[in-house]
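Quick notes on the structure that follows.
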Amino acid sequence: MTTREQKIVASVEQYLKERFDESAQQITDDFNAHFDEILAGFQKVLNACVQKAFVQQHQSDKGRLKFVVISLLNSSLITQSYELKIDLFDERMYLDGNEASDYWQPSFMLPYLQIEDMEAVRKLLSGRIPRITDYEMLEVQYGYAGTLCTLYPFFLKKLVHHSKRLISQANPESEVLVLFGNYMEKAPYIAKLQF
């Protein structure tokens, strides 16, 4: 990170922390208020994955379900679609060459993932950083969205537990691990489902 980038981060750090703290509570409240609707959208996408896995298992192309991996796509931060990829894997995990996946856009997060008043951020930075560029403003936006994405595990854990019956249709092993992280990187587990 260059000195200029460090200055930018330091200049907006407190402002973004305050926005994060405010948004985290609002997101949680929205999630709880609209849980049934959010769950239905999540399960629609998960069902598509389960159906793919089921077909692959009956064609002997996939073993029993061992992992549900939900991935944050860095490209979706750039495109501002903020989609998550849901994959169902057998014991081979990433070596499972038969894809049973789909994409889910957690729309309840969308209003919060963008800094609506980028002009306020630009003004905050302009007094400290000469000639702030649009690219640098986008970097601030990506960083903020990435920080808010740290809330996903809490929400996903609840959604997955409410989807256990659906997941059971994918011929699971006795224990299925649910992982969350960046796409194709090491992802910690956020839930264990017993079947």
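In this text, all values refer to a predicted model and were calculated from it rather than measured experimentally.
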Query - Stepwise side chain to side chain donor-acceptor pair (under 3.5 Å) check, N74 with Y142 - result: CA-CA 9 Å; N74 288 331; Y142 300 154; over 6 Å; no
Report task. Check step by step if side chain to side chain donor-acceptor pair (under 3.5 Å) holds for Q25 and D29. Result -> CA-CA 6 Å; Q25 186 57 55; D29 293 345; 2.8 Å; yes
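K123 NZ: 12 or fewer foreign heavy atoms inside a 6.0 Å radius. Within a 6.0 Å radius of CD in Q169, more than 12 heavy atoms belonging to other residues, nucleotides or ligands are found.
Residues passing the side chain to side chain donor-acceptor pair (under 3.5 Å) test with S60: none are found, sequence neighbours excluded. For Q57, there are no side chain to side chain donor-acceptor pair (under 3.5 Å) partners two or more places apart in sequence or in a different chain. Scored by the salt bridge (charged side-chain N to carboxylate O under 4.0 Å, His left out) test, E99 finds K85 as partners (sequence neighbours excluded). Scored by the salt bridge (charged side-chain N to carboxylate O under 4.0 Å, His left out) test, E136 finds R4 as partners (sequence neighbours excluded).
For residues 59-98, every residue pair satisfying the ring-ring contact (aromatic ring centres under 6.0 Å, His included) rule, not counting sequence neighbours, is listed here: F89-Y94. Sorted by first and then second residue, the ring-ring contact (aromatic ring centres under 6.0 Å, His included) pairs with a member in residues 169-195 read Y152-F180; sequence neighbours excluded.
Donor-acceptor pairing under 3.5 Å is recorded for the side chains of S163 and Q43.
M137 and L125 get closest at one heavy-atom pair: SD-CD1, 3.9 Å.
Checked for salt-bridge contact, K62 and D96 meet the test: a charged N lies under 4.0 Å from a carboxylate O. Ion pair D134/R122 flagged as a salt bridge, since at least one NZ, NE, NH1 or NH2 atom sits closer than 4.0 Å to an Asp/Glu carboxylate oxygen.
Test I167, L193, V50 against L65 for side chain to side chain contact (heavy atoms under 4.5 Å, CB included) and you get one pass: I167. Each of F42, F31, F35, W104 was evaluated against F155; a single residue qualifies, F31, per the ring-ring contact (aromatic ring centres under 6.0 Å, His included) test.
Listed for the K66 side chain is a donor-acceptor partner under 3.5 Å among the backbone atoms of E175.
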